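Just so it is clear, the model here is predicted, and its values are computed rather than measured.
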Amino acid sequence: MMRRRRFVAAVAAWAAAGRTPADGESDGSMIRSIAYDARTQTLTVVMAKDGRTYRYLRVPDKVYRDFAAAKSKGTFYLLYIKGRYEFRVE
C-alpha cells in the first residue's frame, strides 16, 4: 500500500509540473500484453518483467476499453486495476 501511495504522489507531482510518466519516468515496459473476455468479464494482463499472467475477474468492459486506450498502460494498471479486482496468477 505504501508503494502505491508513493506512486500516486509521483503521478500527482508529474501532473502538477505539466508532465506525464512518459516524459522520462515511463513504466511503459511494465505490461507485455492485455486481453479481455467480455462474456466472462475477465481481464488478462501479462507482465513484461517476469511473464506472469494475471487474470482479473468481474472487470467492467469500460475499464478494459479505457485500459486499452491508455497512453501509459503501466500507470493505468497501477491506478485502476491492481488491488481493485479479484485475480488469479498463472
Side-chain angles (χ1 to χ4, degrees):
M1 186 64 159
M2 188 59 117
R3 189 171 132 193
R4 182 182 172 109
R5 285 186 195 145
R6 283 193 301 257
F7 181 79
V8 170
V11 171
W14 294 327
R19 299 172 57 215
T20 67
D23 290 333
E25 295 92 350
S26 177
D27 57 1
S29 63
M30 179 180 185
I31 307 292
R32 180 181 300 162
S33 66
I34 64 171
Y36 186 72
D37 182 333
R39 186 180 59 76
T40 62
Q41 290 190 308
T42 301
L43 172 66
T44 302
V45 179
V46 180
M47 297 301 178
K49 185 175 181 179
D50 59 10
R52 284 191 182 179
T53 299
Y54 293 81
R55 296 203 190 279
Y56 290 89
L57 311 175
R58 293 182 294 284
V59 177
D61 183 64
K62 180 170 179 8
V63 173
Y64 166 70
R65 287 193 321 266
D66 290 348
F67 189 19
K71 184 174 181 178
S72 172
K73 303 286 189 275
T75 298
F76 189 95
Y77 172 77
L78 292 172
L79 293 175
Y80 302 107
I81 306 291
K82 187 176 181 182
R84 293 181 180 245
Y85 298 96
E86 182 181 347
F87 68 94
R88 306 281 184 260
V89 180
E90 295 181 3

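Looking at every heavy atom in both residues, Ile31 comes nearest to Lys73 through CG1-CB, 3.9 Å. Listed here is the closest heavy atom pair of Glu86 and Arg58: OE1-NH2, 2.6 Å. Here the shortest heavy-atom pairing between Tyr36 and Val59 reads OH-O, 2.6 Å.
In summary, the side chains of Tyr77 and Tyr56 do present a donor paired with an acceptor at a separation below 3.5 Å, with no hydrogens or angles considered.
Proximity of Arg55 to Leu43: side-chain heavy atoms (C-beta onward) are nowhere separated by under 4.5 Å. Looking only at side-chain heavy atoms (C-beta outward), Thr44 and Ile34 stay at 4.5 Å or farther from each other. Put simply, the side chain of Leu78 reaches to within 4.5 Å of the side chain of Met30, judged on heavy atoms.
Between Phe76 and Phe67, the ring planes lie parallel to each other; the angle is under 30°, not in the 30° to 60° tilted range.
Hydrophobic clustering of Ile, Leu, Val, Met, Phe, Trp and Tyr side chains at less than 4.5 Å, counting indirect connections, keeps Val46 apart from Val89.
A distance of 14.0 Å separates CD of Gln41 from OH of Tyr64, quoted to the nearest 0.5 Å. How far CG of Asp37 is from CG of Leu57: 11.0 Å, rounded to the nearest 0.5 Å.
In this structure Lys62 satisfies the side chain to side chain contact (heavy atoms under 4.5 Å, CB included) test together with Arg65, Asp66, sequence neighbours excluded. Residues satisfying the side-chain hydrogen bond (donor to acceptor under 3.5 Å, both in side chains) criterion with Tyr54, sequence neighbours excluded, are absent altogether.
Enclosure of atom OH in Tyr85 by more than 12 non-hydrogen atoms of other residues, nucleotides or ligands within 6.0 angstrom is indicated.
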